[in-house]
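What you see is a predicted model; the values in this text were computed from it and never measured. Naming: A, B, ... by sequence-line order, numbering from 1 per chain.
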Number of protein chains: 2
Amino acid sequence: MGVVRKTKSVQTILEIFNQTEEAISVVELIERLKSQMNKTTIYRILERLEEDALLHSFLGHDGVKWYAKCHECSSHDHHDVHPHFQCVDCGKVDCVEIDVTIPKIPNRQVMNSNVLIRGRCEECV
Amino acid sequence: MGVVRKTKSVQTILEIFNQTEEAISVVELIERLKSQMNKTTIYRILERLEEDALLHSFLGHDGVKWYAKCHECSSHDHHDVHPHFQCVDCGKVDCVEIDVTIPKIPNRQVMNSNVLIRGRCEECV
DNA sequence: AACCTTATTGCAACTATGTTGCAATAATAG
DNA sequence: CTATTATTGCAACATAGTTGCAATAAGGTT
Ligand SMILES: [Mn+2]
Ligand SMILES: [Mn+2]
Ligand SMILES: [Zn+2]
Ligand SMILES: [Zn+2]
């Protein structure tokens, strides 16, 4: 159903994502907000913000969930499908707006793809 | 250290991977072998077989670990870096030997990338 | 074949991420 | 201000994966 009521918790989380271009892992968010709200609340708010296409999510290399701001999405056109880049040195993750084209695969119908790139970010290079 | 002793358990797991070209999730393997060996043993054998470059691993869309046979790898040249394809209908996962080129990203040093493709497999198309 | 060394295994307990049910709380419409 | 119900906190649960340690068994040596 998405976010209906602009509660204090929703605002707090939205502000955090508006203050950075980086992706934030749920683990990091729980740690950062543990004195202010319950982890269940965090999971649920993130879910609702993704439904509203204000955030999008993906899995990092260790399988934990990350979220980042959406830019060109609306709730009925929610296709923030771009690669994500994780720095092996500082751990920072961000969205990269490059086009990775998946070639046709014989006899198979490609629907979408997740690309997770590892390397060194601008600050760690 | 890799596999040193060819135990019954190691042989069982190797046979399973040699009977198919498909990837197998650890979850599936634990289920299939639960009457024959402990899950800890399974995790540890898979780890050692990966060290030996007989298997390689990656994460599926839900974050669980999958393993598949290596083809052109040796323990000091273990770069089974190809995309993996997960069928949204039957759940089957396999290695696809296509080249997905990651374009250069300004100011960033790309080291490697994981590509997970979703779609319908030959049997489900 | 019996023996020794130590890699491997099973088990139980633990960690971590994520989910669920339900009662209490608080946004907001009227 | 009041009523409705979306949202929250909490505790309990689910599942994937890890760890320490004692028991077992490969496989080399005598
Ligand atoms: Mn993104
Ligand atoms: Mn593969
Ligand atoms: Zn960095
Ligand atoms: Zn299929």
List the atom pairs, with distances to 0.1 Å, where a side-chain N or O of residues 25-41 of chain B and a protein N or O form a donor-acceptor pair under 3.5 Å, not counting sequence neighbours.
{"from": "Ser25(B)", "atom 1": "OG", "to": "Glu28(B)", "atom 2": "N", "distance (Å)": "3.0"}
{"from": "Glu28(B)", "atom 1": "OE2", "to": "Arg32(B)", "atom 2": "NE", "distance (Å)": "2.9"}
{"from": "Glu28(B)", "atom 1": "OE2", "to": "Arg32(B)", "atom 2": "NH2", "distance (Å)": "3.3"}
{"from": "Glu31(B)", "atom 1": "OE1", "to": "Lys34(B)", "atom 2": "NZ", "distance (Å)": "3.1"}
{"from": "Glu31(B)", "atom 1": "OE2", "to": "Lys34(B)", "atom 2": "NZ", "distance (Å)": "2.6"}
{"from": "Asn38(B)", "atom 1": "OD1", "to": "Thr40(B)", "atom 2": "N", "distance (Å)": "2.9"}
{"from": "Asn38(B)", "atom 1": "OD1", "to": "Thr40(B)", "atom 2": "OG1", "distance (Å)": "3.0"}

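- Atom CD in Glu28(B) sits roughly 13 Å away from atom P in dG17(D) (whole-Å rounding).
- Residue pairs meeting the side-chain hydrogen bond (donor to acceptor under 3.5 Å, both in side chains) criterion with at least one partner in residues 7-17 of chain B, sequence neighbours excluded, are absent.
- The base of dT8(C) lies outside donor-acceptor range of the side chain of Arg48(B), with no N or O pair under 3.5 Å.
- In this structure, Thr7(B) does not reach the dA26(D) phosphate: none of its side-chain N or O atoms is under 4.0 Å from OP1 or OP2.
- Going from atom CD1 of Ile30(B) over to atom P of dT18(D) covers 10 Å, rounded to whole Å.
- One atom, CD of Gln36(A), and another, P of dT8(D), lie 13 Å apart when rounded to the nearest Å.
- Rounded to whole Å, atom P of dT19(C) lies 13 Å from atom CD1 of Ile42(A).
- Side-chain proximity of Met1(A) to the nucleotides dA6(D), dT19(C), dT18(D) is greatest for dA6(D).
- Minimum atom distance to the side chain of Arg5(B) is reached by dA7(C), of the listed dT19(C), dA7(C), dC11(C).
- Within residues 57-67 of chain A, the residues having any heavy atom closer than 4.0 Å to DNA chain C are, in order of number, Val64(A), Lys65(A).
- Ranked by how close their nearest DNA chain C nucleotide is to the 5' end, Val3(B) and Lys39(B) are led by Val3(B).
- Distance, Tyr43(A) OH to dT8(D) P: 16 Å, rounded to whole Å.
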For this session: Could you walk me through whether Ile105(B) and Ile117(A) pass the side-chain contact (heavy atoms from CB on, under 4.5 Å) test, one step at a time?
Result: CA-CA 10 Å; Ile105(B) 311 172; Ile117(A) 306 170; 4.0 Å; yes
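- To the nearest angstrom, P of dT8(D) lies 12 Å from CG of Leu33(A).
- Using a 4.0 Å cut-off between charged nitrogen and carboxylate oxygen, Glu122(B) and Lys92(B) count as a salt-bridge pair.
- Distances shown here put a side-chain N or O of Thr41(B) below 4.0 Å from the OP1 or OP2 atom of dG10(C).
- Considering only side-chain atoms of Arg44(A), the nucleotide from dG9(D), dG27(D), dT17(C) that sits closest is dG9(D).
- Formation of a donor-acceptor pair under 3.5 Å by the His56(B) side chain with backbone atoms of Lys69(B) is found in this model.
- A residue-by-residue look at Lys8(B) and Val26(B) shows that Val26(B) has its nearest nucleotide of DNA chain D further toward the 5' end.
- Residue Ile45(B) is classed as a sugar-phosphate contact, given heavy-atom separations below 4.0 Å to backbone atoms only.
- His82(A) contributes no side-chain N or O that, together with a main-chain N or O of Ile98(A), makes up a donor-acceptor pair within less than 3.5 Å.
- Between Phe58(A) and His84(A), the two ring planes are parallel [angle under 30°; tilted spans 30° to 60°].
- Considering only the side chain of Thr40(B), dT19(D) comes nearest among dG18(C), dT19(D), dA16(D).
- Between the side chain of Gln86(B) and the main chain of Gly60(B), no donor-acceptor pair closer than 3.5 Å is present.
- Regarding Leu49(A), its CG atom lies at a distance of 13 Å from the C1' atom of dT7(D), rounded to whole Å.
- Straight-line distance from the CG atom of Asn38(B) to the P atom of dA25(D): 15 Å, rounded to whole Å.
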